[in-house]
Amino acid sequence: MKKIDKYIDSVYQDFDGTEEEIKELKEEMRSHLLELVEEIKADGKSEKEAVQIALDRFGNQTELSNGLMEFFEGQQLFAKKLLRFSISVFIIGLIALSWVAITSPDANKERIELSDRIAKQINDDAELSLEEKDQIKKQISSFNGKSEIIHLSIYYSEEGIEEAFPANVQDAEYVYLGMEPASSEEVVTKGYPLNDTWFVQMQQNEKKSYWQYLIPFTLFIVFGVLITIWLLLNSYIKKYIKEVL
Amino acid sequence: MIKKIIIALLSTVLFSFLMAYLNHVPMSEREPNVYYNPLWSTALLFAMYSLPVYLIGGISSSYLIDKLVRQKTFDSKWKRYLTEFVIYGVLGIVVAFIFLMILTITESETHLITGSLLNFMTLGFVASLIFYHVSLIFRK
């Protein structure tokens with residue numbers, strides 16, 4: 001029986017595959033050989049002779065299948081390369097996605113931050129003092145947001161922001177003029193309460209495109225297609241190797 | 001395959017009820033004259049969106065992970081768990097991103113993706129790990 005094990009090990013020593021696969025294939029081959037040995041023994045040969053005859057017969061068979069095996073080895077190499085390539089595509093997609101997620105401006109968050117800063121300069125009385133206006137202007141011009149302000153105005157309303165928004169610019173207590181609105185971008189108007197009676201209204205250019213998100217999206221789709229091809233190829237190779245041996 | 005579908009269905013139920021519970025306003029904090037959805041209807045709303053994502057994205061990515069990871073031998077159970085945990089988490093984020101992109105493209109609403117990308121990715125991460133742990137129960 002040791003001879004059989006040695007033979008099987010020699011067949012599979014250069015075989016490319018996972019441990020589990022090889023173990024499975026070896027087990028299958030072993031059971032085939034043992035069956036053959038039992039058959040020959042039933043014809044009246046001794047065990048030693050039977051093992052030798054079985055190995056000789058099997059040797060001829062493996063020579064036949066060697067050609068086929070070479071063909072499959074090429075395919076296995078291709079499958080390995082395909083897997084590596086698709087995983088690299090996936091990793092590049094991940095990098096692109098994290099880059100986009102970090103660099104894309106969150107306009108809403110920026111607006112809330114700016115209105116918080118302005119709220120700190122304002123008290124509850126119904127009028128803005130010159131000093132307060134000066135402070136507000138300083139806050140706006142020093143604010144380093146990624147999206148540009150077209151227009152910012154501050155209002156006083158007894159009813160609060162729910163009733164008064166959107167307000168007419170003529171009623172504003174303070175107006176700040178920023179950039180010209182760009183035609184390719186969408187102009188967004190948003191209002192935020194500063195305290196119970198004051199509120200701020202902001203107009204901003206908001207980029208109306210998601211092309212930068214399309215890069216990681218496309219990469220992930222490509223990964224999906226490639227990995228599907230790999231899965232199909234892999235199951236096909238496994239199936240045929242089992243049939244050949 | 002049937003096992004995977006059952007895992008996907010179970011995870012949908014768990015995820016939807018978890019999300020509904022997190023979005024639920026308790027009785028003590030409710031304002032008068034305002035309608036609040038009951039827990040099950042919020043859960044149903046979440047299930048409507050998460051079920052197709054689980055069935056398509058969840059099952060296919062879990063199949064892929066099985067193919068890639070199960071063949072490898074690990075020194076310890078914890079190493080296997082940790083590896084699968086990370087891979088499931090990352091694939092969950094990616095599936096959530098793809099889902100959000102499809103929503104954004106079909107509705108042509110830019111604010112969908114600019115406003116809620118990070119929230120969506122966090123939800124995808126959580127949802128994927130729910131799927132993983134449900135499948136761990138089924139593995140034994």
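Residue numbers start from 1 in every chain, and the chains themselves are labelled A, B, ... in the order their sequence lines are given, proteins ahead of strands. Computed over heavy atoms, backbone and side chain alike; hydrogens, waters and symmetry mates excluded.
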* To do: Could you grab the distance from atom CD1 of A:Ile221 to atom CD1 of B:Ile102, nearest 0.5 Å is fine?
  => 6.5 Å
* Structure fact -> To the nearest 0.5 Å, atom OG of B:Ser60 lies from atom CD1 of A:Ile227 at 11.5 Å
* Crowded around A:Tyr236 OH? As in, over 12 foreign heavy atoms under 6.0 Å? -> yes
* Could you tell me which portion of B:Leu68 (side chain, backbone, both or neither) has an atom closer than 4.5 angstrom to a non-hydrogen atom of chain A? => side chain
* Would you indicate whether the side-chain heavy atoms of B:Val95 and A:Phe220 approach each other to under 4.5 Å? => no
* **pair A:Tyr213-B:Leu100: side-chain heavy atoms closer than 4.5 Å** => no
* Asked: At what distance, to the nearest 0.5 angstrom, does CG of B:Leu117 lie from CG of A:Leu97?
  -> 6.0 Å
* Hey, is CZ on A:Phe85 packed in by over 12 heavy atoms from elsewhere, all under 6.0 Å? -> no
* Asked: Should the ring pair A:Phe217 and B:Phe97 be called parallel, tilted or perpendicular, given that the plane angle runs from 0 to 90° and is split at 30 and 60?
  -> perpendicular
* side-chain contact (heavy atoms from CB on, under 4.5 Å) assessment of A:Phe223 paired with B:Val94 -> CA-CA 11 Å; A:Phe223 164 75; B:Val94 169; over 6 Å; no
* Asked: What part of A:Leu214 lies closer than 4.5 angstrom to a heavy atom of chain B: side chain, backbone, both or neither?
  -> both
* Asked: Just how far is it from atom CG of A:Leu83 to atom NZ of B:Lys67, taken to the nearest 0.5 Å?
  -> 12.5 Å
* Would the number of heavy atoms belonging to other residues, nucleotides or ligands and lying under 6.0 Å from CG of A:Asp116 be above 12? -> yes
